[in-house]
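Quick notes on the structure that follows.
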2 protein chains.
Amino acid sequence: MVSSNITHDTEHLCQSCAQKNTSVFCKAKVEYLTEVNSQKVFNTFKKGQTIFNEGSYPFGVFCINSGKVKLAHLGDDGKEQIIRLLKGGDIVGYRALLSNERYSATAVALEDTQVCFIPKELFIHILKNDAGLTFEMMKLLSDELHKTELKLTHLAQKPVRERLAEILLFIKETYGFEDDGITLNVRLSREEIANLVGTATESTIRLLSEFKRDSMVELDGKKIKIINQKKLLKTANLQD
Amino acid sequence: MVSSNITHDTEHLCQSCAQKNTSVFCKAKVEYLTEVNSQKVFNTFKKGQTIFNEGSYPFGVFCINSGKVKLAHLGDDGKEQIIRLLKGGDIVGYRALLSNERYSATAVALEDTQVCFIPKELFIHILKNDAGLTFEMMKLLSDELHKTELKLTHLAQKPVRERLAEILLFIKETYGFEDDGITLNVRLSREEIANLVGTATESTIRLLSEFKRDSMVELDGKKIKIINQKKLLKTANLQD
DNA sequence: TAACGAATATGACAAAAGTCATACTGGTTC
DNA sequence: GAACCAGTATGACTTTTGTCATATTCGTTA
């Protein structure tokens, strides 16, 4: 929240928000949506900018309008572990708010990103009154927990090679392809991919080279093209 | 739910439940508690018995009255990954219920365990009407998510030795000590400990031997005594 | 009490993954 | 275009961890 592009706008209405149908939050009752509309703060983050920082206190919740965001823990030795990838329609920062704790992770924009900030009090107020929304939020948390538990199991039991293949497919699921239908629609550094997989950067680079050699992917700088998804899926050894 | 000890009892009242003050679920409004009381099914599981199985459909939620339970994923190769340890006052099986999915994990009693089963419809009904309870449930999920994310980061970044030390301390936090003040109050096999840490059984055995040599623990069959918690904490290298 | 099997323990080895050093590449700035 | 830097790539090596084989112990049952 260091950016200067903060606007209490009337331009970006929740009612006409592009994410109205995908975001949990925008499923609140109409009466609350109006309230959100008047209190929310529209904000833009440039690529690389921090939306919030591990250790600081949450004052509200962020609703991503457009763009891409990584959510990461900083390990004891300073190495980051990316725990979620977010896109338009997702909300961030609710975990700490609900647990009434400081942020346990840092959110950074992976590209220019637009977000709506909804103040804590309003968020909590709506949750306490809109049972439907609360139930949706609970489901969302529940799904997130499930995904994280699966990741945990895979991290514990699968070799790096399989996990990397899995992550590439996960990135595809999350952000999809570019217009060409094969290029992953996000630019991540090798280090960031490593921090998603939970391995060393060099290992990631090495394995990506192998994947290229085995004609599963094509590499062009930060562009990653998936040219044999079937083989990649096999490499990931997924069955759930 | 294969046990034959099922009783629609009037004996075990929620109102006088030993876990009334610790369990989230028992914080429901009094009117609902009465309802729960009449619909819940009291059940006993012997050590080693399965409470529910990965892949099957949830028909309700389990409230642990007394005893100890492990919740584990079965990895693709059949190796289990223990994702939670549960005790009296905890509830299990809510995750799948809320996400409207099959169980993604298996719950097994680590010792003789008493549970109350609350039918799905009632559980959902209460959640949809008791905003306070729903909010509590949300917090619970939120905390669980946080813990799991932390585990994920540690699994990705810390060596087995540190993770084992951490798990021993975690077991102590969860189940505490026996009356002697040093023996961990649960019997887990070396394999189970390994499946908590996310490592091979032999590695766990080896490291426990080291911990013993370095006089951090004492081993007596499945009994594990923590004789130098400070040193163990240092070995775990925790700072959060 | 003997005997059995399962769990624990330990050694030897293999495989996986991380680290360090060193190139190479691509994009940026001057 | 030269120079520079960060990111990428690759090789050589070390460390960590897993695997397999084999004792050994423990608790259980006959």
Side-chain angles (χ1 to χ4, degrees), chain A residues 47-48 70 75-81 110-111 153-168 184 186-214 217-225 235-237, chain B residues 46-48 70 75-81 110-111 153-168 184 186-214 217-225 235 237:
Chain A
K47 179 179 175 173
K70 68 174 174 183
D76 300 339
D77 50 352
K79 189 177 177 186
E80 81 166 14
Q81 177 67 32
L110 291 170
E111 58 183 48
T153 303
H154 290 178
L155 191 55
Q157 304 192 349
K158 293 176 156 217
V160 176
R161 186 183 170 80
E162 290 184 24
R163 269 150 49 209
L164 175 59
E166 191 176 347
I167 286 293
L168 291 179
L184 290 180
V186 66
R187 296 297 130 86
L188 293 168
S189 69
R190 301 292 189 260
E191 188 180 3
E192 284 171 321
I193 296 174
N195 295 344
L196 271 162
V197 175
T199 188
T201 307
E202 293 93 328
S203 298
T204 298
I205 291 173
R206 248 182 268 277
L207 286 168
L208 278 176
S209 296
E210 279 190 43
F211 285 7
K212 180 184 168 187
R213 188 200 56 196
D214 300 345
V217 303
E218 261 174 30
L219 304 172
D220 174 15
K222 282 197 173 50
K223 280 189 203 169
I224 297 177
K225 298 175 198 224
T235 305
N237 193 22
Chain B
K46 291 220 176 303
K47 178 178 175 172
K70 70 174 172 182
D76 300 338
D77 51 350
K79 189 177 179 188
E80 80 167 13
Q81 176 67 34
L110 290 170
E111 59 182 50
T153 303
H154 289 178
L155 190 56
Q157 305 192 347
K158 292 175 156 218
V160 176
R161 187 183 170 80
E162 290 183 24
R163 268 149 50 205
L164 175 60
E166 190 176 348
I167 285 293
L168 291 178
L184 290 180
V186 66
R187 298 296 131 84
L188 294 169
S189 68
R190 300 292 188 261
E191 188 179 3
E192 284 171 320
I193 296 175
N195 295 345
L196 271 162
V197 176
T199 188
T201 307
E202 292 94 326
S203 298
T204 298
I205 291 172
R206 248 181 267 276
L207 285 167
L208 278 176
S209 297
E210 280 190 43
F211 286 5
K212 180 183 170 188
R213 189 199 56 195
D214 300 345
V217 304
E218 261 174 29
L219 304 173
D220 175 13
K222 283 197 174 47
K223 280 189 205 169
I224 296 177
K225 296 175 201 228
T235 304
N237 193 21

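Because only heavy atoms are used, hydrogens play no part in the values below, and waters and symmetry mates are left out as well, while side chains stay in. In what follows, chains carry the letters A, B, and so on, assigned in the order in which the sequence lines appear, proteins first and then strands, with residues in each chain numbered from 1.
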Exercise. So, Glu210(A) and Arg161(A), do they make that salt bridge, N to O below 4.0 Å?
Worked result: yes
Exercise. Regarding Asn195(B) and Glu80(B), is there a side-chain donor-to-acceptor distance under 3.5 Å anywhere?
Worked result: yes
For this session: Please check if the side chain of Ser209(B) supplies one atom and the backbone of Ile205(B) the other of a donor-acceptor pair under 3.5 Å.
Result: yes
Exercise. Between Glu192(A) and Lys70(A), is there a salt bridge with N-O shorter than 4.0 Å?
Worked result: yes
Exercise. So, is Thr201(B) near the phosphate of dA7(C), with a side-chain N or O under 4.0 Å from OP1 or OP2?
Worked result: no
For this session: Check the distance between dA17(C)'s P and Glu162(A)'s CD and give it to me in whole angstrom.
Result: 9 Å
Exercise. Listed in order of residue number, which residues of residues 203-212 of chain A have a non-hydrogen atom at under 4.0 Å from DNA chain C?
Worked result: Ser203(A), Arg206(A)
Exercise. Do side-chain atoms of Arg163(A) reach the backbone of Gly198(A) as a donor and acceptor pair under 3.5 angstrom?
Worked result: yes
For this session: Could you tell me whether Lys158(B) and Glu166(B) make a salt bridge, using a distance below 4.0 angstrom between a side-chain N and a carboxylate O?
Result: yes
Exercise. Ile193(B) CD1 to dT8(C) C1': how many Å, rounded?
Worked result: 11 Å
Exercise. First and last nucleotide of DNA chain D in contact with chain A, 5' to 3', at under 4.0 Å to a heavy atom: what are they?
Worked result: dG7(D) to dA12(D)
Exercise. To the nearest Å, how far apart are Asp77(A) CG and dG18(C) P?
Worked result: 13 Å
Exercise. Applying the side chain to side chain contact (heavy atoms under 4.5 Å, CB included) test to Leu196(A), which of Leu188(A), Thr204(A), Leu168(A) qualifies?
Worked result: Leu188(A)
For this session: For Glu218(B) and Lys212(B), indicate whether the former's side chain and the latter's backbone hold a donor-acceptor pair under 3.5 Å.
Result: no
